[in-house]
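All residue numbers refer to positions in the sequence shown, counting from 1. The shown structure was predicted, so the numbers you read here are calculated from the model rather than taken from an experiment.
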Amino acid sequence: MKKILFPLLFCFPLITMAQNIDRTKAPAPGKAPLIQVGSPVKYTLANGLQVFVVKNTKLPRVTASLALDLDGFTEGNKAGLADMSGQLLKRGTTTKSKAVLDEAVEYLGGSLSTSSMSASASSLKKNFPQLMGLMAEVVLHPALSSDELEKVRKQTLSGIESNKDDADAISNNVMKKLVFGANHAFGEITTTSTVNNVKMEDVKNFVATYWKPNIAYLVFVGDIEPEAAKALAEKNFGSWAKGNVPNLNYPKPVKPAQTYIAIVDRPASVQSVVAVATTVDLVQGSPNVIPSNVMNNILGGGFSGRLFANLREKHGFTYGAYSSLSPNRQVGIFSAEAAVRNEKTDSSIQELLREINIIRDEKVGDIELSRMKNYLSGQFARSLENPATIAGFAYNIARYKMPADYYQKYLTNLASVNVQQVQDAAKALLNPGQMHIVIVGNAKQISKGLEKYGPVKYFDLEGNEVAAPSEAKADVSITPDVLLQKVVTAVGGTEAIASIKDIQLKGSASLMGQTLEMSQTIIKPGNSVTTMSMGGMAVMKQSVVDGKYSVSQQGMEAPITDDVKEGLDESALLIPELSYITKGYKLKIVGAEKVDGKDAIDLELTTPSGKVSHRFYDAKTFLLIKTAKSQEVPGRGIVTQQEFYNAYKTINGVQVPTEQLIDMGQLKINIKYTDIKANQGLKTTDLK
């Protein structure tokens with residue numbers, strides 16, 4: 001026992017000291033250190049090309065990045081020219097076709113990319129000199145082929161079409177145009193029309209005008225000696241002729257006289273994308289950038305931001321709410337965004353503006369400020385582990401004329417930020433009385449009451465102001481029973497419907513650029529098989545045959561729930577309206593809506609299992625033109641699937657839609673039936 005007594009007595013003072021520590025309080029931060037940021041080796045070639053080299057031998061790889069010192073381009077009625085030109089650079093050279101170039105890069109195990117203002121190449125050290133040669137050939141001697149331009153044009157147009165169904169992309173486009181102005185480089189929107197206006201001569205002029213070495217930086221990062229990098233730069237880019245580049249300075253955008261609401265109507269939306277935005281006078285490297293960054297991160301920079309805590313954690317309006325702050329030499333931008341349920345659009349705007357007002361009018365707490373500075377300090381420290389960070393620092397210092405010791409003093413300057421500076425930054429940058437509030441959503445469901453935030457205006461997908469959407473009118477005399485009778489009559493009547501014992505529809509389905517075979521067979525009573533296939537192999541198949549249900553996708557069977565059974569039972573009915581009353585559906589006419597410019601009657605259906613969907617009938621012809629069904633998808637919120645029906649054709653006296661569009665947001669399936677046959681004497685054994 002005596003052998004144990006000595007160490008216990010020795011430890012006693014330490015135990016006593018530990019008991020006197022208040023563990024409810026975080027320890028006070030120590031003095032922020034000056035960071036010893038490594039400086040890259042710098043060279044300037046005779047043609048003005050500035051070269052930075054950051055040696056790092058952890059991996060036997062080298063990356064070279066070439067960047068033009070430009071802020072953007074005004075393209076007018078040819079918006080998209082710069083991006084298309086950037087894509088074309090890597091699509092072949094004067095001596096190599098795209099296929100040959102791609103094969104050469106792949107053979108070296110490297111990567112090569114280009115954009116409107118940059119080019120980059122990366123590979124293992126031993127292959128890098130050859131890859132560098134290919135990069136230089138792409139920049140200095142691009143083929144700029146007309147055939148490749150048409151391929152880029154096709155891809156760009158496809159992206160534009162896809163974005164028309166992406167509420168976030170719509171919001172971003174319209175917000176930029178309204179905040180910066182249609183004639184500002186940052187406010188131009190690439191459209192189908194502007195892309196089609198781009199000619200090969202425009203591409204050649206763009207490259208010849210802006211791709212000059214005297215406004216470019218070439219940055220090497222990796223396992224390469226500075227002298228070797230300089231030699232590669234001289235060998236590959238020394239002959240690049242310098243030239244005069246237009247001075248790209250743009251008029252400063254004018255803020256709105258008062259905050260206003262800009263609505264982009266998307267009737268199919270069950271969520272609204274809300275963005276509050278304004279221009280800011282904030283240049284990278286200026287003294288107020290660090291306090292402004294702290295302010296923005298406290299407001300909405302991430303999961304710990306006030307916007308996230310308010311709109312998601314407190315109110316449950318959204319899966320996430322964030323803000324961003326982007327400095328720029330021309331003009332910066334602040335924005336706060338959230339995707340919220342339609343019925344919470346008004347409340348969400350109120351809370352977004354409320355949080356902006358609070359951070360302007362009230363000083364942040366010391367603990368909140370300390371936590372954010374600690375977080376940003378750690379983020380900065382972690383970034384130093386990447387050698388590309390050092391190169392990025394050098395690039396920023398050169399481009400923005402920042403003090404040479406800006407990053408060495410970063411942590412010290414961050415630590416010195418106080419609550420008054422945070423409030424001053426908010427007051428200087430954020431004026432709730434001069435904001436653009438852009439909402440992409442169902443105008444019919446969200447517009448009421450928004451005028452209290454300012455004038456309400458309407459815009460199309462390209463940011464052009466339009467008249468408020470006209471409201472469809474519903475005939476108040478029509479009840480669900482009367483509507484269903486009119487629908488049955490419009491389709492062909494009960495006798496014609498009853499005369500069809502089986503029907504088979506064959507055609508094609510277009511999905512993400514792929515064409516698949518599509519077939520649907522219905523055999524009364526209550527049997528149906530729908531198949532989407534490629535090369536004879538079923539990609540998707542759903543069926544109900546002799547009371548047995550099945551849904552499979554690429555050979556994988558899906559679970560059969562009551563909801564799935566109800567859907568399959570409905571698919572086995574030529575005219576499902578005949579069964580809605582007899583099978584216990586709850587029916588309600590909830591109003592009218594414009595569908596592809598037509599007034600449509602909105603019939604709400606609630607199935608026996610409680611699932612709600614909507615069917616829209618043309619108010620003049622009473623033919624079905626759209627269905628809509630929403631469901632909660634983990635991680636994505638509420639997702640709506642819409643189906644549009646067109647091109648009706650009479651088959652044995654019954655009107656059958658031969659074209660169908662299944663719209664699931666960014667995923668669309670276009671179905672066209674070209675071969676329709678009825679009463680072939682099919683039996684259920686033919687479906688197995």
Side-chain angles (χ1 to χ4, degrees), residues 67-68 70-91 113-119 142 144-211 246 248 250-251 253 262 264-266 273 275 277 279 324 326 328 330-333 335 337 436 438-440 458-466 512-513 665-666 668:
L68 303 181
L70 296 167
D71 292 317
F73 314 93
T74 49
E75 302 170 303
N77 66 353
K78 296 181 180 180
L81 165 63
D83 287 338
M84 294 169 70
S85 300
Q87 292 182 59
L88 268 180
L89 288 176
K90 66 176 181 180
R91 288 176 168 261
S113 62
T114 59
S115 73
S116 62
M117 295 188 288
S118 68
L144 303 181
S145 157
S146 296
D147 289 343
E148 293 298 332
L149 173 60
E150 294 312 311
K151 293 176 183 177
V152 169
R153 192 192 313 277
K154 184 177 179 181
Q155 291 177 356
T156 304
L157 292 173
S158 176
I160 291 172
E161 286 302 310
S162 176
N163 284 342
K164 288 180 179 178
D165 296 301
D166 185 336
D168 290 313
I170 295 169
S171 175
N172 187 53
N173 277 339
V174 174
M175 179 183 70
K176 288 192 304 180
K177 185 171 183 177
L178 298 183
V179 170
F180 295 114
N183 298 320
H184 194 284
F186 301 164
E188 292 181 338
I189 296 179
T190 301
T191 68
T192 299
S193 174
T194 64
V195 168
N196 284 327
N197 286 337
V198 174
K199 309 301 180 190
M200 178 52 71
E201 193 63 29
D202 301 316
V203 173
K204 291 180 178 179
N205 287 338
F206 174 84
V207 174
T209 300
Y210 296 109
W211 279 76
L248 302 181
Y250 311 111
V264 181
D265 184 26
R266 291 187 78 235
V273 173
T279 55
S324 61
S326 303
N328 190 274
Q330 300 287 339
V331 60
I333 185 172
S335 65
E337 307 92 13
H436 306 263
V438 179
I439 310 171
V440 180
Y458 292 86
F459 296 83
D460 63 17
L461 302 183
E462 296 179 359
N464 303 307
E465 189 169 358
V466 296
M512 299 177 67
Q666 290 184 300
K668 288 182 172 56

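Under the side chain to side chain contact (heavy atoms under 4.5 Å, CB included) rule, Met84 has a single partner from Thr190, Asp202, Val195, which is Val195. For the side chain to side chain contact (heavy atoms under 4.5 Å, CB included) criterion with Lys164, the lone passing option out of Thr192, Asn173, Ile170 is Thr192.
When the shell of 6.0 Å around CG of Asn464 is examined, it contains more than 12 heavy atoms from other residues, nucleotides or ligands.
Between Ser116 and Ala82, the closest heavy-atom pair is CB-O, 3.2 Å. Residues Glu188 and Gly76 share a closest heavy-atom pair of OE2-N, 2.8 Å. Listed here is the closest heavy atom pair of Lys176 and Phe186: CB-O, 3.6 Å. Residue Thr114 comes nearest to Gly86 through the heavy atom pair OG1-O, 2.6 Å, listed as atom of the first residue, atom of the second, then distance. The shortest non-hydrogen separation linking Ala119 to Trp211 is N-CH2, 4.3 Å. A pairwise comparison of heavy atoms in Pro253 and Val179 identifies CB-O, 3.7 Å as the closest pair.
Of the possible donor and acceptor atoms, one in the side chain of Asn197 sits under 3.5 Å from a partner among the backbone N and O of Asn77.
To the nearest 0.5 Å, atoms CD1 (Ile439) and CZ (Phe459) are separated by 11.5 Å. Here Lys177 contributes atom NZ and Asn183 contributes atom CG; the two are 9.0 Å apart, rounded to the nearest 0.5 Å. The OG atom of Ser158 lies 9.5 Å from the CG atom of Asn163; values are rounded to the nearest 0.5 Å. Between Ser113 atom OG and Leu89 atom CG the span is 11.0 Å, to the nearest 0.5 Å. Ile189 CD1 to Thr194 OG1: the interatomic distance, rounded to the nearest 0.5 Å, is 9.5 Å.
Put simply, the side chain of Leu81 reaches to within 4.5 Å of the side chain of Val203, judged on heavy atoms. Considering only heavy atoms from C-beta on, Val273 stays 4.5 Å or farther from Glu337 through its side chain. You'll find the side chain of Thr209 reaches within 4.5 Å of the side chain of Pro246, heavy atoms only. By the 4.5 Å heavy-atom criterion applied to side chains, Leu157 and Asn196 are counted as neighbours. Considering only heavy atoms from C-beta on, Asp83 stays 4.5 Å or farther from Thr156 through its side chain.
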Self-check item: Verdict with reasoning, Met200 to Leu144, per side-chain contact (heavy atoms from CB on, under 4.5 Å)
Solution: CA-CA 8 Å; Met200 178 52 71; Leu144 303 181; 4.0 Å; yes
Practice problem: Could you walk me through whether Asn328 and Asp71 pass the side-chain contact (heavy atoms from CB on, under 4.5 Å) test, one step at a time? | Solution: CA-CA 8 Å; Asn328 190 274; Asp71 292 317; 4.2 Å; yes
Quiz prompt | Candidate pair Glu150 and Arg153, rule side-chain contact (heavy atoms from CB on, under 4.5 Å), full reasoning | solution = CA-CA 5 Å; Glu150 294 312 311; Arg153 192 192 313 277; 3.0 Å; yes
Exercise. Go through the steps to decide whether Phe180 and Ile333 satisfy the test side-chain contact (heavy atoms from CB on, under 4.5 Å), and finish with yes or no.
Key: CA-CA 9 Å; Phe180 295 114; Ile333 185 172; 3.8 Å; yes
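Less than 6.0 angstrom separates the ring centroid of Phe73 from the ring centroid of Tyr210.
Electrostatic pairing of Lys204 and Glu201 does not count as a salt bridge here, judged by no charged N lying under 4.0 Å from a carboxylate O. Ion pairing of Lys78 with Glu75 is absent here, as no side-chain N (NZ or NE/NH1/NH2) approaches a carboxylate O to less than 4.0 Å.
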